[in-house]
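Here is the naming used below: chain letters follow the sequence lines, and residue numbers restart at 1 for every chain. Excluded from the calculations below are hydrogen atoms, water molecules and symmetry mates; all remaining heavy atoms, backbone and side chain alike, are included. What you are looking at is a predicted structure, and each value in this text was computed from that prediction instead of being measured.
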2 protein chains.
Amino acid sequence: MNRSKPGSGALLEKPRRITLNDIAQACGVSRATVSLVLRNSPLVRTETRHRVEAEMQRVGYVYNRVAASLRQRVSKAVALVINDLSNPFFAEFAAGVDEALGAKGYVTLLGSSNESTARQQQVLGSLMEHHPAGIILSPAESSRAADVAQAVGRHTPLLVFNRELADGEAEGFGYDFLGLDNVAGAHAATAYLLAKGHRRIAFFGGHAQSSSCAQRRQGYRNALAEAGIDVEARWMVETAPTRLEANAHADALFAADRAPTAAVCYNDAVALGLMLGLARLGRHPGLDFAVTGFDDISEAAVGVPPLTTVNADPRARGRQAAELLLERASAPAPLPRRRVIAPVRLTERDSTPDAADARPGDAAVSHPRRERP
Amino acid sequence: MNRSKPGSGALLEKPRRITLNDIAQACGVSRATVSLVLRNSPLVRTETRHRVEAEMQRVGYVYNRVAASLRQRVSKAVALVINDLSNPFFAEFAAGVDEALGAKGYVTLLGSSNESTARQQQVLGSLMEHHPAGIILSPAESSRAADVAQAVGRHTPLLVFNRELADGEAEGFGYDFLGLDNVAGAHAATAYLLAKGHRRIAFFGGHAQSSSCAQRRQGYRNALAEAGIDVEARWMVETAPTRLEANAHADALFAADRAPTAAVCYNDAVALGLMLGLARLGRHPGLDFAVTGFDDISEAAVGVPPLTTVNADPRARGRQAAELLLERASAPAPLPRRRVIAPVRLTERDSTPDAADARPGDAAVSHPRRERP
DNA sequence: CTGAAAGCGCTTACAG
DNA sequence: CTGAAAGCGCTTACAG
């Protein structure tokens with residue numbers, strides 16, 4: 001600002017970008033014509049089109065979509081806010097979203113909340129300033145609808161993934177929802193264990209107040225009820241949905257006699273943690289105790305033992321989320337609110353031995369590890 | 001377009017957004033004043049500022065950063081292009097980048113190439129149209145510098161992470177580089193195995209022509225050379241850097257007599273695959289064969305056995321990448337090109353038994369599994 | 001088919 | 001401290 005040598009102002013300025021105008025002048029046509037070429041309008045004569053395209057090529061013109069968005073008042077960006085990118089399930093989901101958006105000419109604006117609702121508010125606010133065409137939100141735990149509504153406003157299409165927003169019905173605030181069939185998934189896992197002869201089956205991990213955990217517990221209860229089995233209170237173990245916490249709480253399963261011989265876990269992270277905890281307690285998951293997960297993250301297939309789990313194909317869910325959102329964003333008239341529940345399927349692996357092989361539920365005894373085939 | 005009822009045009013139009021102008025009029029000041037308030041200029045009287053801020057609050061004004069970027073000719077977005085989001089190492093890296101960018105008021109434009117250079121070109125092109133303040137690129141395998149230069153141009157700051165671009169020196173094309181100390185990491189892993197008494201140590205997995213693989217092989221060779229050991233050609237096994245491929249090639253280690261008793265693996269994915277392959281061949285990694293990885297992905301700690309590996313703290317690398325890029329993007333004068341090699345450290349776990357416990361390298365024999373403590 | 005003009009929502013000198 | 005005017009790089013009617 002001060003002391004600048006006269007005429008030196010331009011020295012630090014960034015080189016002027018090449019614009020539509022430059023192309024137009026070089027070709028002796030108007031800006032409007034070049035703009036039409038850019039958007040493949042049939043109004044332009046082929047010869048003119050070729051001349052313009054050649055010039056753009058020659059000078060390395062890059063389209064300024066920011067300017068176009070401003071004028072058109074619609075943006076080709078979609079915001080994606082993820083609760084936990086370091087969880088492979090959500091990372092795959094994000095990859096799927098980006099893939100499908102890219103295929104339709106959209107770009108992904110990423111934000112991550114690290115499971116903090118406060119951070120989520122900030123991130124949503126910052127992304128909104130870029131006026132995205134829509135928002136895909138995989139909410140942090142116990143996100144409130146009113147907060148999200150406040151950040152997103154009423155005019156930007158919103159798709160919520162995976163978890164319900166708490167206090168769902170803010171007035172006039174609508175959004176689409178894409179979830180997993182948690183009830184059916186947990187039901188399938190439980191029924192599978194029942195078929196293998198297990199009768200004392202725990203539901204392990206997760207926060208009971210989260211919608212996904214509540215639904216999975218429901219599926220579990222339904223399956224046991226259908227088998228005429230009463231759930232015992234001590235079979236329900238609550239933990240944060242992390243490997244570490246699950247590991248730490250494994251002994252809760254064996255606090256009393258007639259302990260469970262199997263556990264339906266809230267998700268894979270919890271299941272993997274529980275398996276470590278079991279090993280610590282002298283149990284051998286997959287040999288004398290059965291464990292199931294939920295998500296089918298890549299670690300599930302490769303663990304020892306490989307984990308029987310419920311597969312939700314997060315990448316496909318990501319693509320689906322992107323498509324649902326873009327449908328709404330480009331709908332000429334307001335669409336009705338939609339709830340889509342994606343099906344889910346059990347993937348059978350080795351972590352679920354028959355009940356006959358399970359160890360009786362009394363105090364831990366040293367027990368030689370059975371060699372698996 | 002056609003047949004619209006007269007006067008009905010507004011029906012389908014999106015509701016007009018609230019702008020600076022609306023705020024200015026409501027407060028009886030000029031647009032310029034409101035703009036100054038927004039950017040916390042000291043030029044505005046406190047009373048005026050409060051009045052303006054209250055009005056923005058009241059009507060739910062959201063700043064249009066797109067318009068601001070256009071006028072200012074600088075954007076608050078940084079593009080992040082990732083080769084493989086489903087690899088937890090890169091997902092963590094992305095999370096770190098987003099975290100650090102967000103802290104500085106920037107937003108992340110995400111793109112993923114899925115290890116395809118063709119897709120990477122498309123993605124870079126599409127992101128460039130949003131005129132980001134800079135680009136962070138974790139390149140797809142065998143990306144060529146000339147292609148990247150063509151897509152990114154010479155004016156947008158670029159930071160390349162993890163892998164060198166092939167044919168590095170396009171004329172006038174400069175970029176910063178953030179890499180891992182691959183040589184030191186592989187050296188540490190090899191030295192650790194040597195200290196445990198191993199003498200026949202393989203280098204397993206990876207594509208030899210990739211820069212990171214070449215560097216890791218170098219570290220491995222250096223360590224063996226320091227111990228006076230000649231590398232035998234059959235100890236070097238090349239595979240795609242995936243779990244599947246590594247699993248499939250495990251038997252290459254045992255093709256001849258005096259097979260290795262340990263393997264330094266290109267990365268964790270390969271190490272986990274190799275461990276599966278070993279099990280298939282009747283070997284017991286962690287008991288009669290030693291394996292090390294590279295990356296320390298979350299699966300490493302939790303596997304059976306837990307994997308001794310080289311930790312590169314991808315989240316911290318992501319933050320570092322963001323900071324390096326923003327330094328350049330906001331530098332008043334052109335900075336010299338920088339190469340930063342991040343340190344890396346060995347994390348000792350159970351996959352690396354002493355050589356004394358390793359099985360002699362002859363044909364596989366049935367061998368009772370040793371119970372671990 | 002093509003051109004001249006206005007405008008998207010901001011910021012930036014320049015006056016007062 | 002505040003206002004009037006111009007401009008960022010596009011697109012959009014509107015004429016010709």
Side-chain angles (χ1 to χ4, degrees), chain A residues 1-2 4 9-10 13-52 56 59 61-77 128-131 133 155, chain B residues 1-2 4 9-10 13-52 56 59 61-77 128-131 133 155:
Chain A
M1 218 60 102
N2 48 355
S4 65
E13 276 173 30
K14 20 187 59 183
R16 205 177 62 79
R17 282 231 166 70
I18 292 160
T19 75
L20 258 192
N21 238 329
D22 301 324
I23 307 291
Q25 286 183 352
C27 296
V29 300
S30 78
R31 296 215 296 283
T33 305
V34 179
S35 176
L36 292 174
V37 169
L38 273 173
R39 281 164 306 133
N40 283 313
S41 161
L43 294 180
V44 185
R45 202 169 15 152
T46 335
E47 191 272 333
T48 313
R49 168 187 307 287
H50 288 329
R51 204 148 42 89
V52 169
M56 294 204 258
V59 298
Y61 169 71
V62 1
Y63 183 59
N64 189 334
R65 198 174 287 281
V66 172
S69 299
L70 179 60
R71 180 56 174 93
Q72 292 178 129
R73 318 186 60 175
V74 291
S75 132
K76 282 289 199 179
M128 282 304 293
E129 295 187 347
H130 288 82
H131 287 239
H155 302 313
Chain B
M1 214 63 100
N2 49 356
S4 65
E13 277 172 31
K14 21 188 56 181
R16 205 177 63 79
R17 282 228 166 71
I18 292 161
T19 76
L20 258 192
N21 237 327
D22 302 324
I23 307 290
Q25 285 184 353
C27 296
V29 300
S30 77
R31 298 215 295 283
T33 304
V34 180
S35 177
L36 292 174
V37 170
L38 274 173
R39 281 162 308 131
N40 283 313
S41 161
L43 294 179
V44 185
R45 203 170 15 153
T46 333
E47 191 273 332
T48 313
R49 165 185 311 284
H50 288 329
R51 203 148 42 87
V52 169
M56 294 204 258
V59 298
Y61 169 71
V62 1
Y63 184 57
N64 189 335
R65 199 173 286 282
V66 172
S69 300
L70 179 61
R71 180 58 174 91
Q72 292 179 127
R73 318 186 61 175
V74 292
S75 131
K76 282 290 200 180
M128 282 304 293
E129 295 187 347
H130 289 81
H131 287 238
H155 302 313

**Complete:** DNA chain C in dot-bracket form (Watson-Crick or G-U pairs under 3.5 Å, [ ] crossing, | inter-strand) is |||.||||||||.|||
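In terms of the side-chain contact (heavy atoms from CB on, under 4.5 Å) criterion, residue partners of T19(A) (sequence neighbours excluded) are, by chain and number, R16(A), N21(A), D22(A). With sequence neighbours excluded, the residues satisfying side-chain contact (heavy atoms from CB on, under 4.5 Å) with A32(A) are S30(A). Contacts of R39(B) classified as side chain to side chain donor-acceptor pair (under 3.5 Å), with partners at least two apart in sequence or in another chain: S35(B).
Nucleotide dT12(D) holds its P atom 9 Å from the CG atom of L36(A), rounded to whole Å.
Counting non-hydrogen atoms under 4.0 angstrom, T48(A) reaches the backbone sugars and phosphates but no base.
Residues C27(B) and R51(B) come closest through the heavy atom pair O-NH1, 2.6 Å. Looking at every heavy atom in both residues, T48(A) comes nearest to T33(A) through CG2-CG2, 4.2 Å.
Note: L20(A) CG to N64(A) CG = 9.0 Å, rounded to the nearest 0.5 Å.
Not a single donor-acceptor pair under 3.5 Å links the side chain of R31(A) to the backbone N or O of I23(A). A donor-acceptor pair is defined here as one N or O able to donate and one able to accept, closer than 3.5 Å; no such pair exists between the side chain of S41(A) and the backbone of V37(A).
Between the side chains of H131(B) and R17(A), at least one donor N or O sits under 3.5 Å from an acceptor N or O.
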At a cut-off of 3.5 Å, list every protein nitrogen or oxygen paired with a nitrogen or oxygen from nucleotides 7-10 of chain D, distance to 0.1 Å.
from: dG7(D); atom 1: N2; to: R71(B); atom 2: NE; distance (Å): 2.5
from: dG7(D); atom 1: N3; to: R71(B); atom 2: NE; distance (Å): 3.0
from: dC8(D); atom 1: O2; to: R71(B); atom 2: N; distance (Å): 3.2
from: dG9(D); atom 1: OP1; to: R73(B); atom 2: NH2; distance (Å): 3.0
from: dG9(D); atom 1: N2; to: A67(A); atom 2: O; distance (Å): 3.2
from: dC10(D); atom 1: OP1; to: Y61(A); atom 2: OH; distance (Å): 2.6
from: dC10(D); atom 1: OP2; to: L20(A); atom 2: N; distance (Å): 2.8
from: dC10(D); atom 1: O5'; to: Y61(A); atom 2: OH; distance (Å): 3.3
from: dC10(D); atom 1: N4; to: R31(A); atom 2: NH2; distance (Å): 2.8

Pairs: protein N or O with nucleotides 14-16 of chain C N or O, under 3.5 Å:
none

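When the side-chain nitrogen and oxygen atoms of T33(B) are compared with OP1 and OP2 of dG3(D), one or more of them lie within a distance under 4.0 Å.
Counting only heavy atoms from C-beta outward, the side chains of V34(B) and Y61(B) never approach each other to under 4.5 Å.
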